[in-house]
Amino acid sequence: MSYFPIVRMRRVRENKTIRNMLTEVTLEPRHLILPIFVCAGENISNPIRSLPGVSHWSVDRLPEVVEPAVALGVKAFLLFGLPSYKDADGTSAFDPEQPVQRALGSLREKYPDIFLIADTCMCEYTSHGHCGHLRPDGVVDNDETLSLLSRAAVSQAHAGAHMVAPSDMMDGRVSAIRAALDAADLTGVGIMSYAAKLASAFYGPFRDAAGSAPSSGDRKGYQLPPFNTREIIRDAVMDIGEGADMLIVKPAGPCLDIAARLRERTELPLAGYVVSGEYVMLCTAAEAGLLDRELTLLEYHTALRRAGCDLVITYYATELASLLANRAVKL
Ligand code: PBG
């Protein structure tokens with residue numbers, strides 16, 4: 001290997017044209033997935049206090065958030081629901097009249113070319129806010145939860161989801177959901193599993209937005225310990241074996257190493273999820289005039305692509321697509 005002064009790296013860097021020509025990693029609107037919070041009721045667009053710039057939408061007003069995204073080339077949406085009722089077993093998760101199911105039906109009809117993913121979890125639907133069936137001793141029962149998740153997934157798929165995205169972190173949920181979908185003749189509906197979902201403090205603003213914070217305890221008994229690399233990879237690899245079609249890694253920024261390792265381990269498509277806490281970090285700093293909003297957004301999200309993510313789930317999807325359309329803003 002040659003070294004300085006024979007080699008001068010700046011020969012391919014100082015000139016703007018060759019620098020642009022050599023850009024390895026790109027971010028395009030087609031890589032982006034926009035999460036949407038759908039609520040019960042009509043004519044609702046309620047700004048979410050914990051997520052500035054993001055709103056709760058009733059089904060009838062979804063075009064106001066979907067259309068600008070589609071016009072800029074964002075093709076996929078991840079739906080979260082705020083149901084009209086909650087109970088101990090989260091049965092509104094598989095009620096066809098609830099917001100996510102109604103939104104799926106309505107969006108499938110209005111926009112035949114978009115791709116719809118439904119978040120499959122119990123925490124938005126249970127009165128206690130845990131991601132499954134809670135035993136009297138306060139532990140979430142893994143195997144009881146599998147049947148609830150399967151019912152939710154089948155209900156979402158019947159309503160029009162192209163993929164379901166289990167985010168509960170129970171063991172065996174991917175194979176249970178796959179079996180339930182297949183038994184219901186929904187073999188074409190895929191599973192985008194939250195394969196590496198850490199027990200993270202970065203979900204705080206989301207729990208406020210979705211009303212899904214656990215009323216007691218935490219999620220450390222089922223979500224992954226942030227500082228255990230081998231355990232995280234092992235858990236993600238289980239989902240591959242159970243038949244997941246795509247894998248999600250989150251929170252994205254703190255998990256770049258995990259994304260890179262999974263990229264080496266599997267040929268499955270990978271998505272990084274820039275979660276609510278990452279969203280507020282970037283907007284708050286930009287709002288305070290401490291960071292350049294456009295450049296930091298582009299750099300942050302492109303880094304996920306560099307780490308090996310095919311897709312990026314982000315509340316910034318529409319804004320990013322508009323930045324990418326504006327050729328004046330370049331990294
Ligand atoms: C549901 C779910 C959560 C997120 C996605 N699906 C919250 C949680 O696990 O508490 C977090 C997304 C975000 O923070 O933007 N289990």
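Order of appearance sets the numbers: ligands from 1, and atoms from 1 within every ligand. Since the structure is predicted, the reported quantities are computational estimates derived from the model, not experimental observations.
Not a single salt bridge (Lys or Arg N to Asp or Glu O under 4.0 Å) links Arg11 to another residue, sequence neighbours left out. Take Pro68 and apply the side-chain contact (heavy atoms from CB on, under 4.5 Å) test, not counting sequence neighbours, and it matches Thr318.
Under 4.0 angstrom from ligand 1, the non-hydrogen atoms of Cys123 all belong to its side chain. By the criterion of a heavy-atom distance under 4.0 Å, the side chain of Asp119, and not its backbone, is placed next to ligand 1. With a 4.0 Å cut-off on non-hydrogen atoms, Ser276 touches ligand 1 through its backbone as well as its side chain.
Here the protein heavy atom with the shortest distance to atom 15 (O) of ligand 1 is Tyr315 OH, 2.5 Å. At the top of the distance list for atom 9 (O) of ligand 1, counting protein heavy atoms only, stands Lys197 NZ, 2.6 Å. The protein heavy atom nearest to atom 4 (C) of ligand 1 is Lys250 NZ, 2.7 Å.
Near Arg207, with a cut-off below 4.0 Å to any heavy atom, the atoms of ligand 1 are 8 (C), 9 (O), 10 (O). Within ligand 1, the atoms closer than 4.0 Å to a non-hydrogen atom of Phe80 are 5 (C), 6 (N), numbered from 1 in the order shown.
Expressed to the nearest 0.5 Å, how far OH of Tyr316 lies from NE2 of His301 amounts to 7.0 Å. In this structure, CG in Leu34 is found 9.0 Å from CG in Leu78, a value given to the nearest 0.5 Å.
Met192 pairs in a side-chain contact (heavy atoms from CB on, under 4.5 Å) with only one of the listed residues (Ile313, Val164, Leu247), which is Ile313.
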